Protein chains: 2
Amino acid sequence: MAKKVTIHDIARELQVNAATVSRALNDHPAISARTKEAVRKVARRLHYQPNSIAASLRSGRSRILGVLIPSAEITFFGSVVHGIERVAAAEGYTVLIYQTNESEEGERKGVETFLRSRVDGVLASIAKGTRDLAHLQDLKRRGVPLVLFDRVSAEAGVPSVSINDSAAAFMATEHLLQQGYRRIAYISGPLHVPIWKERLKGHRKALKKYGLPADRALLREGDVSIGSGAACMEALLRLPEPPDAVCCVEDYTALGALQALRRAGIAVPGQVGIIGFANELFGQYIEPALSTIDQQTIRMGEEAARLFFELSAGKFYGSAPRHIVLEPQLIIRQSSVKIHTAS
Amino acid sequence: MAKKVTIHDIARELQVNAATVSRALNDHPAISARTKEAVRKVARRLHYQPNSIAASLRSGRSRILGVLIPSAEITFFGSVVHGIERVAAAEGYTVLIYQTNESEEGERKGVETFLRSRVDGVLASIAKGTRDLAHLQDLKRRGVPLVLFDRVSAEAGVPSVSINDSAAAFMATEHLLQQGYRRIAYISGPLHVPIWKERLKGHRKALKKYGLPADRALLREGDVSIGSGAACMEALLRLPEPPDAVCCVEDYTALGALQALRRAGIAVPGQVGIIGFANELFGQYIEPALSTIDQQTIRMGEEAARLFFELSAGKFYGSAPRHIVLEPQLIIRQSSVKIHTAS
DNA sequence: ATGAAAGCGCTAACAC
DNA sequence: GTGTTAGCGCTTTCAT
């Protein structure tokens, strides 16, 4: 273990004060160009590596942004993180990711880790398993800016970026209706999670607009996994009056449903239409290609990061938090297209 | 911004020394149960949050493991991280992820960030764009344990976990040969990356075993993206003697190739067989389901984390680094099955 | 079982 | 333009 070199080593070498070295390294305006040059040269020669732990302890700022995501195995989040990174990098910030594994426990540990590491802010997407938001309030109480994205919560009282989930589900459902499907099932995620509650609302609104009843039997509450999607679909198929279309709350759910339909020998989109949600990469490559909703991932990440910088610049502390709502985009592929217009 | 509460606040409240509080909080054996109890109670009441920055500065240990992954959008890495987390958590360590976006530049920044944050170790999978490993050597030189996984490099001289890439490609190719395919193309990733070079070796070995020549025209060096897979496949189809099977270095590459084949109206696996690599989630849901190679992701993560703990326990510093090689598993689905045995 | 004191490496307020 | 000084909040000898 090589002895760590500090600014004092550089200072000694150059016969100057450690503070001078610190300033030179940080490009402080009051330091002469010659000194800066000399300091940098010695620093390089000695393989000096700044200790941001010490710097953070002293300055109270780490220039690190913590991002809490439910799972690194979902492309969607990786994509949002890209957006966050782009904006963060431009401001000289680094992004660190913690995956909560969809549990409240994991989320608490993530917050704890970030708090201990004294990140300058936290951007989070709430885990499926989270019911109590106390740990998020903790961040607020400690003055760590918090911004929520995608899986947001108005209760939290912090800025957020999300898509218009209700509108998205409305679009998806209306699209199925316009294709002539009439008995539309809905496979949701846990309804205690706001975004899934919102989406259900949009779905129902579309049904209502077309004068259709909200048949309780056609609503399934899954856990947004492939397996759960398949199980829900199977249950739906056992119904006395099975659905002729299904609106899924997630692409993976749709994948499971599709699998169940295939096993049952049901033609998609001929007999049953299906639409997903999230525009995951695989959707355009499966057979039939999955219609879905695009959630503007990069944009979402960028906006979330921007909200953080606004927050930390103190631009709207105290006033009501901003909620940015992005407009979703309907992506029509094959799985939901019954009507062939032209050819 | 609530005033931060420190161990001194707790100490004052209880009329004891800060050192006592520190010990109590860390469950030091020499502290009486009564004192510990009292300290914990006050800590809770004051919402005390330990400042690990200060602790790290003093102790020189952060109990944080940095993980460098090329991209958070690849399921494979998310899965490996799960394995890492499991082992790390058991040792009281936290995992922080940095995505390098497949570039050497990103990788350098990640190393820099981890170095500054004084993580206790780094687990890394080398980016596609990385040619110079100097930044990784830096970690070693500074005494930060480094373990490589998946995209490893023997040159780095550090412990690693990978799968037997050569054997994997051999299995994939042999499987195609056993299915009766004879003109087998190979879509590789950049050949300066060791794992892809290794895989190519395995592929050639299989060809050789079956007495087939390594036709240069059948080898394409793509960049492991869907688009590149499609482009390579198109080029292959334009050959005077197009291939009757294609072995891809990655599932996403295979996806692109599949797309190109579909556009060209070629039946898979009837006319052309195809096999991928990585066992990405989507593979079993596309049509035809993609044959592939499983890479033991969770296991890989666990082993990598274990290697780190061995390293930091000083078990084999100085001696030659251990390289764990996991055995891959051939997963036969539809895309490569020409021969229908039974039914 | 607890206290006293020193210091990890850096930055920032105040000198000059 | 640079030096001095005083910590940031914690851990860790060494005492007692």
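Chain A is the first sequence line, chain B the second, and so forth, proteins listed ahead of strands; every chain is numbered from 1. FYI, side chains are in, hydrogens and waters are out, and symmetry mates aren't considered; it's all heavy atoms of this structure. Since the model is a prediction, treat every value here as computed from it, not as a measurement.
Residue K109(B) qualifies as open at atom NZ: its count of foreign heavy atoms under 6.0 Å is 12 or below.
Closest approach of S125(A) and F149(A) over heavy atoms only: OG-O, 2.9 Å. The two residues D120(B) and S62(B) make their nearest non-hydrogen contact at OD1-N, 2.9 Å. Between I64(A) and Y93(A), the closest heavy-atom pair is N-CD2, 3.8 Å.
A residue-by-residue look at T6(A) and V21(B) shows that V21(B) has its nearest nucleotide of DNA chain C further toward the 5' end. Each of A18(B) and S59(B) lies near DNA chain C, and the nucleotide nearest A18(B) is the one positioned closer to the 5' end. Looking at which nucleotide of DNA chain D each of N17(B) and A54(B) is closest to, the 5′-most match is held by A54(B).
A close approach under 4.0 Å does occur between a side-chain nitrogen or oxygen of T20(A) and OP1 or OP2 of dG3(D).
Rounded to an integer number of Å, the gap from R61(B) CZ to dG9(D) P is 22 Å. Rounded to an integer number of Å, the gap from CG of N26(B) to C1' of dG9(D) is 13 Å. Atom NE2 of H28(B) and atom C1' of dT12(D) are 10 Å apart (whole Å). Between the P atom of dT11(D) and the CG atom of L25(B) lies a distance of 8 Å, rounded to the nearest Å. The nearest whole Å value for the distance from the CD1 atom in I7(A) to the P atom in dG7(C) is 17 Å. Nucleotide dC10(D) holds its P atom 16 Å from the CZ atom of R58(A), rounded to whole Å. Rounded to a whole Å, the CD1 atom of I10(B) is 8 Å from the P atom of dC10(D). dC8(C) atom C1' lies 9 Å from atom CG of L57(A), rounded to whole Å.
A19(A) comes within contact range of at least one nucleobase, with a heavy-atom separation under 4.0 Å. Across all strands shown, A30(A) has heavy atoms under 4.0 Å from base atoms, whether or not it also approaches the sugar-phosphate. Here N51(A) lies in heavy-atom contact (under 4.0 Å) with sugar-phosphate atoms only. Among the heavy atoms of the strands lying under 4.0 Å from S22(B) is at least one base atom, whether or not backbone atoms are also near. Within 4.0 Å (heavy atoms only), T35(A) reaches sugar-phosphate atoms of the nucleic acid but no base atom.
If you check dC10(C), dT2(D), dA1(C) against the side chain of H8(A), the one that comes closest is dC10(C).
Taking 3.5 Å as the limit, the base of dT13(D) and the side chain of R23(B) contain a donor-acceptor pair of atoms between them.
Rounded to the nearest 0.5 angstrom, Q295(A) CD and L326(A) CG are separated by 10.0 Å.
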